[in-house]
Amino acid sequence: MISVADLLKEPVIPGNYYAADAYVQGDFETGLIENRKGARLIALPDILLQAIYAGLDQEVGQATGVVLFNCGRWWGKNFYRRFVAEVSEYYRRPLAEMEMVEFLQCLKECWKTHGWGTIDLDVGFYQQGFLVVKTWDSPFAAAAPKNTGQPQCAAEAGILEAFFSQLTGRDLHCVQTACETLGAANNLFVLGLRERVEPAKAWLQEGQDHDTIMERLCRTQVA
């Protein structure tokens, strides 16, 4: 039988580190927002994101996606370092030793608490060398121009590319294959080695949907 005394000797089981009411702190009257470690957080209103898209389109035109993608990559590198440090310290073990379900839950909660919507991973194409990331209610998609004919979450793609490249230790590339701005139910991103994922860009230009692109990508790996 387990005694109460034995239970009291056990360390407290950590809860959800990214619980919004505990993670986001600060003096909202003065506009100072911090996370539970004291690091500054920045609030990006919808109107500011919309202005960023509009301003970039006016200044650099068709290069807007490239600029946002590179900004996302820089953002993603810093985001990964902070995520690893916070999660490893809070759960008292390196990220590499966490179970997949634990890691995924942390990432989902982190993504949601930072206001980026909802995220999920599809590892069904792992054997073919691809990872598919799904996001919903993206603030990037909400602020982006609609019905342009091409996916518009370039910043998000850059974040995911940098994050998962560091997580896996491989130089991965990310291509968005579905977007809420085009009427899709969610945003879909395909990650893999550049030479394997690169053909997806041409198929997007042809108007192919996500399922067709994945079928073609997997077929090229078998061939």
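Note that these values count all heavy atoms, side chains included, but never hydrogens, waters or copies made by symmetry.
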Task: Atom NZ of K146 with >12 non-hydrogen neighbours under 6.0 angstrom - done: yes
Task: Shortest non-hydrogen contact between G117 and W111, atoms and distance - done: O-CD1, 3.7 Å
TODO: Evaluate the salt bridge (charged side-chain N to carboxylate O under 4.0 Å, His left out) criterion for residues R216 and E206: first the C-alpha distance (whole Å), next the side-chain angles of each, then the deciding distance (0.1 Å), finally the verdict.
DONE: CA-CA 13 Å; R216 288 187 173 186; E206 295 173 2; 3.4 Å; yes
Open item on the list: Determine whether N35 and E86 satisfy the following criterion, side-chain contact (heavy atoms from CB on, under 4.5 Å), listing intermediate values before the conclusion.
Closed with: CA-CA 11 Å; N35 67 12; E86 292 179 347; 2.9 Å; yes
Task: Distance in Å, H210 NE2 paired with I213 CD1, rounded so as to fall on 0.5 Å steps - done: 8.0 Å
Check residues 49-62 and write down every donor-acceptor pair under 3.5 Å in which the side-chain atom is one partner and the other belongs to a residue at least two apart or another chain.
from	atom 1	to	atom 2	distance (Å)
Y53	OH	F140	O	3.3
Y53	OH	Q152	O	3.1

Open item on the list: To check you understand the geometry: which heavy-atom pair defines the closest contact between Q128 and R196, and what is its length?
Closed with: O-NH1, 4.1 Å
- [ ] Flag yes if more than 12 heavy atoms outside R170 fall under 6.0 Å of its CZ atom; otherwise flag no.
- [x] no
Task: R194/D171 ion pair, N-O < 4.0 Å - done: no
- [ ] Verify whether one side chain among E180 and S138 offers a donor that lies under 3.5 Å from an acceptor in the other.
- [x] no
Task: Any Q176 side-chain heavy atom under 4.5 Å of C179 side chain - done: yes
Task: Heavy-atom side-chain proximity of V24 to E34 below 4.5 angstrom - done: no
TODO: State yes or no: do L172 and L107 share one hydrophobic cluster built from I, L, V, M, F, W and Y residues joined by side-chain heavy-atom distances below 4.5 Å, directly or via other members?
DONE: yes
Task: Spacing of I119 atom CD1 and L160 atom CG [to the nearest 0.5 Å] - done: 5.5 Å
- [ ] Write down the atom of A154, the atom of G65, and the distance for their closest heavy-atom approach.
- [x] CB-O, 3.3 Å
Task: L121 side chain reached by K134 side chain, heavy atoms, under 4.5 Å - done: no
- [ ] Supply the atom-to-atom distance M214 CE to D211 CG, rounded to the nearest 0.5 angstrom.
- [x] 9.0 Å
Open item on the list: Around atom CD of Q127, are there more than 12 heavy atoms from other residues, nucleotides or ligands closer than 6.0 Å?
Closed with: no
Task: Single-linkage hydrophobic cluster, 4.5 Å side-chain cutoff, F69 and L44 together - done: no
- [ ] Check the pair E156 / V133 against side-chain contact (heavy atoms from CB on, under 4.5 Å), numbers first and verdict last.
- [x] CA-CA 11 Å; E156 203 168 1; V133 178; over 6 Å; no
Open item on the list: Once rounded to the nearest 0.5 Å, what's the spacing between atom CZ of F125 and atom CD of E215?
Closed with: 9.5 Å
Open item on the list: Nearest 0.5 angstrom please: H114 NE2 to I42 CD1, how far?
Closed with: 10.5 Å
Task: Spacing of L104 atom CG and D120 atom CG [to the nearest 0.5 Å] - done: 5.5 Å
Task: Derivation of the side-chain contact (heavy atoms from CB on, under 4.5 Å) call for C174 and F164 - done: CA-CA 9 Å; C174 181; F164 284 99; over 6 Å; no
Open item on the list: Could you check whether H173 and K201, counting side-chain N and O atoms only, form a donor-acceptor pair closer than 3.5 Å?
Closed with: yes
Open item on the list: Just so I know, are the side chains of Y90 and V87 near enough to count as touching, which here means a heavy-atom distance under 4.5 Å?
Closed with: no
Open item on the list: I'd like to know whether N16 forms a side chain to side chain donor-acceptor pair (under 3.5 Å) with Q105, so could you lay out the CA-CA distance, the side-chain angles of the two residues, the decisive distance to 0.1 Å, and finally the verdict.
Closed with: CA-CA 9 Å; N16 174 16; Q105 188 61 29; over 6 Å; no
Task: Charged N-O contact under 4.0 Å between E89 and K37 - done: yes
- [ ] Answer with yes or no after comparing the ring centroid distance for F79 and W116 against a 6.0 Å cut-off, counting only values under it.
- [x] yes
Open item on the list: Please tell me whether Y23 and Y17 form a close aromatic pair, meaning their ring centres lie under 6.0 Å apart.
Closed with: yes
Task: Any side-chain heavy-atom pair of V197 and F130 under 4.5 Å - done: yes
Open item on the list: Using modelled atom types and a 3.5 Å cut-off, is there a donor and acceptor pairing between side-chain atoms of T220 and backbone atoms of L217?
Closed with: yes
TODO: Examine V66 and V175 and state if one hydrophobic cluster contains both, with Ile, Leu, Val, Met, Phe, Trp and Tyr joined whenever side-chain heavy atoms are less than 4.5 Å apart.
DONE: no
- [ ] Decide, yes or no, whether a salt bridge links R93 with E102 under the criterion of side-chain N to carboxylate O below 4.0 Å.
- [x] yes
Open item on the list: Testing the basics here: between G149 and L182, what is the closest heavy-atom pair and its distance to 0.1 Å?
Closed with: N-CD2, 3.5 Å
Open item on the list: For the residue pair R73 / N70, report whether a side-chain donor-acceptor contact shorter than 3.5 Å exists.
Closed with: no
Open item on the list: side-chain contact (heavy atoms from CB on, under 4.5 Å), that's the test. Do F163 and W75 meet it? Break it down for me.
Closed with: CA-CA 9 Å; F163 183 91; W75 193 352; over 6 Å; no
Task: Nearest heavy-atom neighbours spanning L95 and V84 - done: CD2-CG2, 3.7 Å
Open item on the list: For W136, is the CH2 atom crowded, meaning more than 12 foreign heavy atoms sit under 6.0 Å from it?
Closed with: yes
- [ ] Answer whether the closest heavy-atom distance between the side chains of T181 and N147 falls below 4.5 Å.
- [x] no
- [ ] Verify the cluster assignment for V101 and L167: are they in a single hydrophobic cluster under the rule of side-chain heavy atoms below 4.5 Å apart?
- [x] no
Open item on the list: Please determine whether a side-chain nitrogen of the Lys or Arg among K77 and E161 lies less than 4.0 Å from a carboxylate oxygen of the Asp or Glu.
Closed with: no
Open item on the list: Do S165 and Y80 have side chains that approach each other closer than 4.5 Å (heavy atoms only, starting at C-beta)?
Closed with: no
Open item on the list: What I'd like to find out is whether the side chain of L204 reaches to under 4.5 Å of the side chain of Q150, using heavy atoms alone.
Closed with: yes
- [ ] Check N186 against T135 and note the closest heavy-atom contact, atom names and distance.
- [x] CB-O, 3.2 Å
TODO: Could you tell me whether a side-chain N or O of T212 sits under 3.5 Å from a main-chain N or O of Q208, the two making a donor and an acceptor?
DONE: no
